[in-house]
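Report on the following structure.
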2 protein chains.
Amino acid sequence: MDIRTLCLGALSLGDATGYDIKKLFDEAFSHFFAAGYGSIYPALEKLAEEGKVAYDRQQQEKRPDRKVFRITATGREAFITELIDTPPREKLRSEFLVLMFFAHLLPPQRLAAVLQERLDESQRELAILEELARRELPAGMKFTIHYGQAITQAAIVCIKENQARLIRDVNATVNECNPSTLR
Amino acid sequence: MDIRTLCLGALSLGDATGYDIKKLFDEAFSHFFAAGYGSIYPALEKLAEEGKVAYDRQQQEKRPDRKVFRITATGREAFITELIDTPPREKLRSEFLVLMFFAHLLPPQRLAAVLQERLDESQRELAILEELARRELPAGMKFTIHYGQAITQAAIVCIKENQARLIRDVNATVNECNPSTLR
DNA sequence: TCCAATATATATCTATTAGATATATATTGT
DNA sequence: ACAATATATATCTAATAGATATATATTGGA
């Protein structure tokens, strides 16, 4: 599953500009599928070439012409097919856990700062999800929010329950890292 | 933070071949930073060019020469700097949640199958983490496993607690999806 | 009233990455 | 005996992330 598929999904919810679609990626999709302009505009271009979307240009003064995209029947069909065929994978890329994995190489203050920063960021993510949860949404969309809340909350609890011991243990065993255990 | 940094990290644990490093990505790193051969070999090449790693070739009969990489002082310094400077971000890419978000477009059996498949996959991930947890590991590495277990367990609980109602509600409100709520 | 911050819009570019693919023998387990 | 897995080296290409460019309108605070 790729950015083009998500753009089709965004347009299945209603006509939108590239700028509107970016906002969806930044808000409703943000906790499970991020994308930037660098991927969105080329994806829309490709989808238009493939006949899966079409667009109207709305001339604007002193601004680039607005392109309002809409999904076509071809695009809708392709989108449904992708929803049927895509395996429900998940993939986490966590720089936070990389830093924890190599915590024995971090100065103590840095370790403490990283944990605090991760807690702060997680609280912000929860606030965003709380805001999303207030909306009247279909069941599936609500579920994605609950899911995001559940795993973010679990992350927060895990950090809070372990950080004191982690900081103590890392400091106590800085030179005991045994690489051969990992192979 | 990128693949090269993680390769430096892997080599900070001990000398290794590209194949060994791939195994680390598939095991100890797998729940927070995946990478394949397509990224690892070019990363090692680049690091060697930059003087951050060096390698010995060990001739083998009937197989490509073994390249055993080791981190250099330059590389270790660069790695520590990266650990100090990298913000502790996290990013989830979840095709599962995309499917849930658009659940109103899925046939009921497909929705049920996706949920079950995600549960099955999460159980497998827990088993892998359980296996990793049995090893004698430094505190930071242990923490990454606990963290992975906490969020995977939370995901499982969330799916189990919500799946029946989700399936019922999605079927009941298939045509009530209101896109304007998302903008 | 002024001005900084934010919103609204379109994009392009390039280094990195994911995943597929290639090659090929040794070892292990059924 | 043979299939499956392990051990090894890679390359290739389409997709992506993130930075960057351009530029005005609107909003909110001082």
Side-chain angles (χ1 to χ4, degrees), chain A residues 1-8 15-27 29-30 32-50 53 55-69 82 86-87 89-95 98 183, chain B residues 1-8 15-27 29-30 32-50 53 55-69 82 86-87 89-95 98 183:
Chain A
M1 180 173 278
D2 54 14
I3 304 297
R4 286 200 293 279
T5 303
L6 261 289
C7 287
L8 287 177
D15 297 358
T17 63
Y19 182 84
D20 290 330
I21 293 172
K22 167 75 159 116
K23 278 197 297 188
L24 264 181
F25 276 102
D26 287 349
E27 296 167 8
F29 298 166
S30 67
F32 58 85
F33 207 109
Y37 292 121
S39 328
I40 293 170
Y41 282 106
L44 290 170
E45 201 61 38
K46 190 79 183 303
L47 290 168
E49 285 172 18
E50 294 169 351
V53 306
Y55 60 90
D56 294 321
R57 274 181 190 279
Q58 290 174 2
Q59 206 164 15
Q60 294 195 114
E61 293 190 29
K62 297 168 179 164
R63 269 183 186 170
D65 292 353
R66 220 166 168 265
K67 271 168 159 170
V68 183
F69 290 88
E82 187 75 12
T86 296
R89 279 191 294 258
E90 292 201 313
K91 195 173 198 180
L92 178 67
R93 174 67 56 99
S94 174
E95 273 121 10
V98 173
R183 287 202 276 284
Chain B
M1 179 174 281
D2 54 16
I3 306 297
R4 289 200 292 278
T5 303
L6 262 289
C7 289
L8 287 177
D15 297 355
T17 63
Y19 182 82
D20 290 330
I21 292 171
K22 168 73 158 109
K23 278 197 294 185
L24 264 181
F25 276 103
D26 287 350
E27 297 166 8
F29 297 165
S30 67
F32 58 84
F33 208 109
Y37 292 120
S39 324
I40 293 169
Y41 283 107
L44 290 170
E45 200 62 37
K46 191 79 186 304
L47 289 168
E49 285 170 18
E50 293 170 351
V53 307
Y55 60 89
D56 295 320
R57 271 181 192 279
Q58 291 174 0
Q59 206 165 15
Q60 292 195 116
E61 292 189 30
K62 297 167 181 164
R63 269 179 184 172
D65 292 353
R66 223 166 167 264
K67 269 168 162 173
V68 183
F69 291 86
E82 187 75 14
T86 296
R89 280 191 292 260
E90 291 201 316
K91 194 176 201 173
L92 178 68
R93 173 71 53 103
S94 175
E95 275 122 11
V98 173
R183 283 201 277 281

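By convention in this document, chain letters (A, B, ...) are assigned in the order of the sequence lines, proteins followed by strands, and residues within each chain are numbered from 1.
Between B/Phe69 atom CZ and D/dA8 atom C1' the separation is 12 Å, expressed in whole Å. The CD-C1' distance, from A/Glu45 to C/dC13, rounds to 15 Å in whole Å. Spacing between atom CD of A/Glu61 and atom C1' of D/dT22 amounts to 18 Å, rounded to whole angstrom units. If you measure from atom OH of B/Tyr19 to atom P of D/dA6, you get 7 Å, rounded to the nearest angstrom. Between the CD atom of A/Glu27 and the P atom of C/dT6 there is a distance of 15 Å, rounded to whole Å. If you take NZ of A/Lys62 and C1' of C/dA9, they are 15 Å apart, rounded to a whole angstrom. Per the geometry, CG belonging to A/Asp65 stands 15 Å off P belonging to D/dT24, to the nearest Å. One atom, CZ of B/Arg4, and another, C1' of C/dA18, lie 16 Å apart when rounded to the nearest Å.
Judged by the 6.0 Å and 45° rule, B/Arg93 forms no cation-pi pair with A/Phe32.
Using a 30° and 60° split on the angle between ring planes, A/Tyr37 and A/Tyr19 fall in the parallel class, below 30°.
Listed pair A/Lys23 / C/dT8 meets the phosphate criterion, a side-chain N or O lying under 4.0 Å from OP1 or OP2. Remark: A/Lys67 is in phosphate contact with C/dA11, judged by side-chain N or O atoms under 4.0 Å from OP1 or OP2. Side-chain N/O atoms of A/Tyr37 include none lying less than 4.0 angstrom from OP1 or OP2 on C/dT10.
Of the candidate nucleotides C/dT16, C/dT12, C/dA9, C/dA9 has the atom nearest to the side chain of A/Arg63. The side chain of B/Thr17 sits closest to D/dA8 out of C/dT17, D/dT16, D/dA8. Nearest to the side-chain atoms of B/Ala35 among the listed nucleotides D/dA10, C/dA18, C/dT10 stands C/dA18. Distance from the side chain of B/Arg93 is smallest for D/dA17 among the nucleotides C/dA11, D/dA17, D/dT9.
Pairing of D/dT22, defined by two Watson-Crick or G-U wobble distances under 3.5 Å, is identified with C/dA9. Within the shown strands, C/dA15 is the pairing partner of D/dT16 under the Watson-Crick or G-U definition, both distances less than 3.5 Å.
The environment of B/Glu49 atom CD is dense: over 12 non-hydrogen atoms of other residues, nucleotides or ligands sit within 6.0 angstrom.
Heavy atoms of A/Lys91 sit under 4.0 angstrom from primed sugar atoms or phosphate atoms, though from no base atom. Heavy atoms of B/Arg57 sit nowhere under 4.0 angstrom from any nucleic acid atom. Among the atoms of the strands shown, only primed sugar atoms or phosphate atoms (P, OP1, OP2) are found under 4.0 Å from some heavy atom of B/Arg66. Within 4.0 Å of A/Gln60, counting heavy atoms only, lie sugar-phosphate atoms of the nucleic acid but no base atom. Backbone-only engagement by B/Ala34 is indicated by non-hydrogen atom pairs under 4.0 Å involving sugar-phosphate atoms exclusively.
Distance alone, capped at 3.5 Å, is enough to place a donor-acceptor pair between the A/Thr86 side chain and the A/Glu82 backbone.
Of the residues near DNA chain C, B/Met1 and A/Pro64, the one whose nearest nucleotide (by heavy atom distance) lies more toward the 5' end is A/Pro64. Taking for each of B/Gly38 and B/Arg89 the nucleotide of DNA chain D with the nearest heavy atom, the 5'-most of the two is the partner of B/Gly38.
Contact check for A/Lys67 versus A/Thr17: no side-chain heavy atoms found under the 4.5 Å cut-off.
In this structure, A/Phe29 has its ring center closer than 6.0 angstrom to the ring center of A/Phe25.
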